[in-house]
J.: 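My structure is below; once you've seen it, I'll send some questions.
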Amino acid sequence: MKKLALILSTALLVCACDNQSERLAHHEKACLKAIEYGQLEIADSECTSALGEPGSDSMDIHTRSERLLRLGSIKRQRAVYSEAVTLIEQSMVIEEESPNPDIYKIARRHYELSLALAGQEKWQEGAVYIETLLPIIDKFPATEHKAIINMANIYITNLKKNHMDYLAKNI
């Protein structure tokens, strides 16, 4: 109960802000707190608010990309897969169009997208993203490395089950 009260009080502070960037920062803090306490419904709402209005220039593009990815991950965890895919793809476009694209950031988006597509049982589409991760898997920390291997195995199993052995071989 205290956790929920803390999250809600943080959210109420947001209303007191005049400046849009301050308001977005407060929503972001409330979002992170809600994630910390496992309150995904509240995190969804706060992270959505932390993005601001479409076309708003109150945050830099990389901050927007991170917030899109975070919200996409929350949507995926809440099984709102189609929205998760859209948000993650938006974040990926930002990262790919960056003057100095960070391969690791793009790879993390590929992984998150493969999870959301798996949730929709879109094995063929998701296999493409798993394939991009495998050549650089050693650059990931051990826990993420293991998660990618586990996801690859899930994809292989489901691709074979759906008679797409040719895709399973690529993984």
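Scope of the values below: all heavy atoms of this structure, side chains included, with no hydrogens, waters or symmetry mates.
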J.: Where is the tightest heavy-atom contact between A50 and R67, given as atom of each residue plus distance?
T.: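 Closest heavy-atom pair between A50 and R67: O-NH1, 2.7 Å.
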J.: Verify the neighbour count for atom CZ of R108: are there more than 12 heavy atoms of other residues, nucleotides or ligands below 6.0 Å?
T.: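 Atom CZ in R108 is not packed in, count stays at 12 or less.
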J.: Mind checking whether L87 and S73 have side chains closer than 4.5 Å, heavy atoms only?
T.: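 No, side chains not in contact.
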J.: Looking at every heavy atom in both A84 and G72, which two are closest together, and how far apart are they?
T.: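 Scanning both residues, the minimum pair turns out to be CB-O, 3.3 Å.
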J.: Applying a strict under-4.5 Å side-chain criterion to I, L, V, M, F, W and Y, I'd like to know whether I74 and V80 cluster together.
T.: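 In one cluster: no.
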J.: Name the atoms and distances for all side-chain donor-acceptor pairs under 3.5 Å in residues 92-104, with sequence neighbours left out.
T.:
{"unit_1": "E95", "atom_1": "OE2", "unit_2": "S65", "atom_2": "OG", "d": "2.7"}
{"unit_1": "D102", "atom_1": "OD1", "unit_2": "Y104", "atom_2": "N", "d": "2.9"}
{"unit_1": "D102", "atom_1": "OD1", "unit_2": "K105", "atom_2": "N", "d": "3.3"}
{"unit_1": "Y104", "atom_1": "OH", "unit_2": "E144", "atom_2": "OE1", "d": "3.0"}
{"unit_1": "Y104", "atom_1": "OH", "unit_2": "E144", "atom_2": "OE2", "d": "3.3"}

J.: If you look at every heavy atom in L24 and S49, which pair is closest and at what distance?
T.: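 Minimum heavy-atom separation between L24 and S49: CD2-O, 3.1 Å.
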J.: Quick check: is I154 connected to L115 through a chain of hydrophobic side chains (ILVMFWY, heavy atoms under 4.5 Å apart)?
T.: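 Hydrophobic grouping puts L115 with I154.
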J.: Tell me, with the steps shown, if H26 and R23 meet side-chain contact (heavy atoms from CB on, under 4.5 Å).
T.: CA-CA 5 Å; H26 282 290; R23 191 168 54 252; 5.8 Å; no
J.: Could you walk me through whether E83 and L71 pass the side-chain contact (heavy atoms from CB on, under 4.5 Å) test, one step at a time?
T.: CA-CA 9 Å; E83 287 182 41; L71 181 57; over 6 Å; no
J.: Once ring pair (Phe, Tyr, Trp, His ring centres under 6.0 Å) is applied, what residue pairs with a partner in residues 59-94 remain, sequence neighbours excluded?
T.: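 Listed by first then second residue: nothing to list.
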J.: Kindly determine whether E89 and L68 satisfy side-chain contact (heavy atoms from CB on, under 4.5 Å), including the steps that lead there.
T.: CA-CA 9 Å; E89 286 175 339; L68 286 165; over 6 Å; no
J.: With rounding to the nearest 0.5 Å, note down the distance linking CG in D44 to CZ in R70.
T.: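 Between D44 CG and R70 CZ, I get 13.0 Å after rounding to 0.5 Å.
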J.: How close do R109 and I88 get, heavy atom to heavy atom, and via which atoms?
T.: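 In terms of heavy atoms, the two residues are closest at O-CG2, 3.5 Å.
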J.: Any side-chain heavy atom of C47 within less than 4.5 Å of one from H27?
T.: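 Side chain of C47 against side chain of H27, heavy atoms only: no contact under 4.5 Å found.
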J.: Out of N150, T143, I149, which one pairs with K146 under the side-chain contact (heavy atoms from CB on, under 4.5 Å) rule?
T.: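 The option that passes is N150.
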J.: Evaluate side-chain contact (heavy atoms from CB on, under 4.5 Å) for K33 paired with E46, printing each intermediate quantity in order.
T.: CA-CA 10 Å; K33 276 289 183 202; E46 291 298 330; over 6 Å; no
J.: Does any part of the side chain of D60, heavy atoms only, come nearer than 4.5 Å to the side chain of R64, both counted from C-beta?
T.: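 In short, these two side chains do not touch, never coming nearer than 4.5 Å.
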J.: Restricting to side-chain hydrogen bond (donor to acceptor under 3.5 Å, both in side chains), what partner residues turn up for Q90, sequence neighbours left out?
T.: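 Partners of Q90 under the side-chain hydrogen bond (donor to acceptor under 3.5 Å, both in side chains) test: none.
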J.: side-chain hydrogen bond (donor to acceptor under 3.5 Å, both in side chains) with R76: which residues, sequence neighbours excluded?
T.: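 Only E112 meet the side-chain hydrogen bond (donor to acceptor under 3.5 Å, both in side chains) criterion with R76.
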J.: Do E41 and S45 pass the side-chain hydrogen bond (donor to acceptor under 3.5 Å, both in side chains) test, and can you show the C-alpha distance, the side-chain angles, and the key distance before you say yes or no?
T.: CA-CA 6 Å; E41 190 173 328; S45 174; over 6 Å; no
J.: In residues 160-171, what donor-acceptor pairs under 3.5 Å come from side-chain atoms, sequence neighbours left out?
T.:
{"unit_1": "N162", "atom_1": "ND2", "unit_2": "N158", "atom_2": "O", "d": "2.7"}

J.: Quick one: side chains of residues 119-142, donor-acceptor pairs under 3.5 Å with protein atoms, not counting sequence neighbours, listed by atom name and distance.
T.:
{"unit_1": "T132", "atom_1": "OG1", "unit_2": "H110", "atom_2": "ND1", "d": "2.6"}
{"unit_1": "T132", "atom_1": "OG1", "unit_2": "Y129", "atom_2": "O", "d": "2.6"}

